[in-house]
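Each ligand, and each atom within it, is numbered from 1 in the order the structure gives.
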Amino acid sequence: MTRTEMAKEAYMTDLTVIEPATEQVLAVLARTTGSEVESAVEAAQQAQYAWSRTSPSSKAAVLRAIADLVEERAEDLALVEARNVGMPLNDARAVVSSVAETFRYYAAGPERLTGQTIPVAGGVNMTFHEPIGVVALITPWNYPMSIASWKIAPALAAGNAVLLKPAELTPLSSIELQRIAVEAGLPEGLFSVLVGPGSTIGTQLVEHPCIGKIAFTGSTSVGVGIAARAAQTMKRTTLELGGKSASIVFADSDLRAAAEGLAGGVFGNAGQDCCARSRVFVERFAVDEFLGYLRETVAGLQVGDPLNPATQMGPLISQKQLDAVRAVVDSSPVAFQGNVPQGPGYWFPPTVLYPIDDAHPAATEEIFGPVVCILPFETEEEVIKRTNDSVYGLSGSVWTRDGARALRVARAVESGTLSINSYTSVRVSTPFGGFKQSGIGRELGPDALETYTEVKNVYYNTQE
Ligand code: NAP
Ligand code: MG
């Protein structure tokens with residue numbers, strides 16, 4: 001179907017949003033129609049023209065005001081995210097604070113986007129970072145609000161308009177964020193949220209001739225299709241895709257800390273995290289001790305109501321996700337599992353697979369559930385080779401007390417983001433993104449700003 005045909009089609013059915021911890025209806029929303037998408041693109045073009053002529057300091061002031069208002073509404077926003085995603089409330093609070101941090105970080109952007117002057121024969125060349133124009137943002141359901149902010153803030157800071165299509169499963173925090181942005185003084189039309197499926201609205205955006213860039217986060221398979229389609233109109237793309245990240249645990253490390261780290265490193269957000277360290281390579285003679293600590297971690301994990309402040313792990317996002325995770329685990333060697341609550345909700349227990357072969361699908365494919373494979377290794381050279389034997393390269397950890405080895409191994413792993421003696425991956429002020437089939441481009445950090453610009457080069461003839 002072409003874009004014009006789709007624009008004529010009305011995507012009129014309502015969208016029912018479900019709370020994964022209760023399976024109850026959380027909201028019913030009208031989906032954006034194809035012609036409303038067209039209107040949003042036109043409004044974005046007009047608003048962008050004015051925004052690109054707004055002074056850098058005025059743009060910065062609006063972005064700071066958004067950050068302030070996000071902080072003011074932090075508890076409401078956290079509640080929306082916790083209920084819609086099934087994310088523990090404490091994690092959702094951390095997400096909201098990182099959203100405010102992201103807007104504040106990129107508020108410095110408009111005044112930091114400087115070009116160069118280059119003396120040449122007969123004159124001088126000047127470079128400018130011009131906005132791309134209208135940018136479409138397509139986001140997944142696992143961290144909807146933070147991932148949206150990673151794209152919205154630099155795109156606006158660079159002078160663009162944005163159209164955000166959140167995942168159908170989790171649109172609520174994006175809608176709240178848009179309201180907050182307008183209340184904070186962002187001109188109408190500069191940031192719109194489009195509610196509907198990727199197959200219709202997503203495709204319409206990816207094919208639209210008036211959109212200059214697609215910033216996408218989601219699965220590798222959808223990302224591959226978007227890259228191919230976007231190439232038809234030579235759109236710029238940033239693609240943040242799937243992962244199968246590894247923790248490499250040497251016997252000289254703090255084994256207890258490495259095992260406890262998996263509470264966040266693979267069971268965080270119920271494993272629905274593109275950076276989940278779902279392969280854990282452990283030096284062979286430390287495996288028994290490590291498994292002992294891991295058993296304690298798993299047994300102690302508080303799985304249940306996301307709104308209970310003590311909860312560490314909530315449900316999966318949907319029945320479909322639950323069925324997919326269960327299918328993988330049913331055909332895998334389970335060493336031990338944690339507990340889950342009874343009753344409604346898409347619950348799956350934290351699960352440890354061992355012993356398991358590197359070639360087992362659970363050890364090669366992204367599971368996106370609270371499931372980890374324990375894989376013994378003998379030598380440094382061997383573990384690097386086995387870690388890199390993956391189509392993915394998003395994140396990972398190295399655990400050791402040997403400083404030289406820590407950095408040597410981190411440099412040898414083919415991943416975009418590594419952490420040493422830590423399971424964390426994302427910091428607003430540092431770049432995030434993948435090697436290999438985990439994506440193209442980087443988000444966050446100082447360089448992401450320029451990915452929302454085109455470099456213009458102007459020659460000034462100074463000859464008499
Ligand atoms: P997904 O199925 O790829 O969907 C992501 C987004 O793309 C959704 O908004 C989806 O819309 C939309 N979409 C689907 N088909 C499309 C199409 N043909 N054209 C345009 N848009 C389309 O991913 P997901 O299931 O939401 O999220 C899980 C995946 O995201 C995992 O693979 C995970 O690793 C990855 N992820 C990566 C990162 C990272 O930064 N690298 C971060 C988080 C998640 P609808 O779902 O509404 O139809
Ligand atoms: Mg999906």
Side-chain angles (χ1 to χ4, degrees), residues 1 3 6 11 15-18 29 31-32 37 84-85 87 95 136-151 163-174 193-208 211 214-230 232 235 237-245 266 268-278 316-318 320-321 324-325 365-369 390-396 415-417 425-426 431-444 448:
M1 202 190 297
R3 185 182 61 81
M6 273 193 305
Y11 316 140
L15 170 65
T16 304
V17 182
I18 302 293
L29 306 172
R31 286 194 171 99
T32 309
V37 173
N84 195 172
V85 182
M87 178 188 293
V95 159
L137 318 175
I138 302 177
T139 52
W141 46 258
N142 60 337
Y143 286 98
M145 189 165 29
S146 44
I147 291 173
S149 74
W150 300 355
K151 302 177 195 303
L163 301 171
L164 168 62
K165 194 214 87 63
E168 284 224 297
L169 290 167
T170 57
L172 299 183
S173 59
S174 296
V193 174
L194 311 172
V195 176
S199 55
T200 55
I201 290 185
T203 304
Q204 192 176 343
L205 295 172
V206 171
E207 293 181 352
H208 205 294
I211 291 173
I214 303 289
F216 170 79
T217 300
S219 59
T220 294
S221 59
V222 172
V224 166
I226 286 178
R229 271 215 172 88
Q232 297 299 313
K235 285 184 179 58
T237 48
T238 300
L239 304 168
E240 300 288 358
L241 310 175
K244 189 71 191 174
S245 298
V266 74
N269 210 26
Q272 303 166 118
D273 185 331
C274 50
C275 294
R277 276 76 163 158
S278 54
L316 295 176
I317 189 70
S318 64
K320 188 174 157 218
Q321 193 67 15
V325 173
E365 289 164 21
E366 185 175 49
I367 300 173
F368 237 54
S390 170
V391 297
Y392 295 115
L394 189 57
S395 197
S415 279
T417 318
S425 298
V426 174
F432 175 70
F435 281 26
K436 303 193 277 189
Q437 291 182 36
S438 287
I440 294 178
R442 293 292 178 273
E443 297 196 295
L444 298 175

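The distance criterion of under 3.5 Å between nitrogen or oxygen atoms is met by T139 with respect to ligand 1. Checking only distances, L241 does come within under 3.5 Å of ligand 1, N or O to N or O. Close N/O approach between T217 and ligand 1 is not found [any backbone or side-chain N/O within under 3.5 Å]. Considering backbone and side-chain atoms together, R229 places no N or O closer than 3.5 Å to any N or O of ligand 1. Polar contact with ligand 1: present for K165 (N/O pair, distance under 3.5 Å). Between G198 and ligand 1, at least one pair of N/O atoms sits closer than 3.5 Å. Note: an N/O pair closer than 3.5 Å links W141 and ligand 1 by distance alone.
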### Task
Decide side chain to side chain contact (heavy atoms under 4.5 Å, CB included) for I367 and K244; before the verdict, give the C-alpha distance in whole Å, the side-chain angles of both, and the deciding distance to 0.1 Å.
CA-CA 8 Å; I367 300 173; K244 189 71 191 174; 3.9 Å; yes
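Interface of I138 with ligand 1, defined as ligand atoms under 4.0 Å from a residue heavy atom, comprises 6 (C), 7 (O), 9 (O), 12 (C), 20 (C), 21 (N). Using a 4.0 Å cut-off to heavy atoms of N142, the atoms of ligand 1 that qualify are 43 (C), 44 (C). Atom numbering of ligand 1 starts at 1 in the shown order; those under 4.0 Å from a heavy atom of F432 are 40 (O). Near L394, meaning under 4.0 Å from any of its heavy atoms, are these atoms of ligand 1: 41 (N).
Looking at S425 and R277, their side chains do bring a donor and an acceptor atom within 3.5 Å of each other.
Note: L15 CG to E168 CD = 4.5 Å, rounded to the nearest 0.5 Å. A distance of 9.5 Å separates OG in S174 from CG in L137, rounded to the nearest 0.5 Å.
For Q437, there are no side-chain hydrogen bond (donor to acceptor under 3.5 Å, both in side chains) partners, not counting sequence neighbours. Residues passing the side-chain hydrogen bond (donor to acceptor under 3.5 Å, both in side chains) test with T217, sequence neighbours excluded: K151.
With a 4.0 Å heavy-atom cut-off, ligand 1 is reached by the side chain of I147 but not by its N, CA, C or O. Residue E366 touches ligand 1 through its side chain alone, judged by heavy-atom distances below 4.0 Å. Under 4.0 Å from ligand 1, the heavy atoms of I226 that appear belong solely to its side chain. Using a 4.0 Å cut-off between heavy atoms, F216 contacts ligand 1 through its side chain alone, with no backbone atom that close. Using a 4.0 Å cut-off between heavy atoms, L169 makes no contact with ligand 1 at all. Residue L205 does not touch ligand 1, judged by heavy-atom distances below 4.0 Å.
The shortest side-chain heavy-atom distance between F216 and V206 does not fall under the 4.5 Å cut-off. I138 places none of its side-chain heavy atoms less than 4.5 Å from the side chain of V222. A 4.5 Å side-chain heavy-atom check between S219 and F368 finds every atom pair outside the cut-off. Looking at heavy atoms from C-beta onward, I147 lies in side-chain contact with P140 at the 4.5 angstrom threshold.
When G218, C274, P140, A230 are ranked by how near their heavy atoms come to atom 35 (C) of ligand 1, first place goes to G218.
Other residues, nucleotides and ligands contribute over 12 non-hydrogen atoms within 6.0 Å of the CD1 atom of I18.
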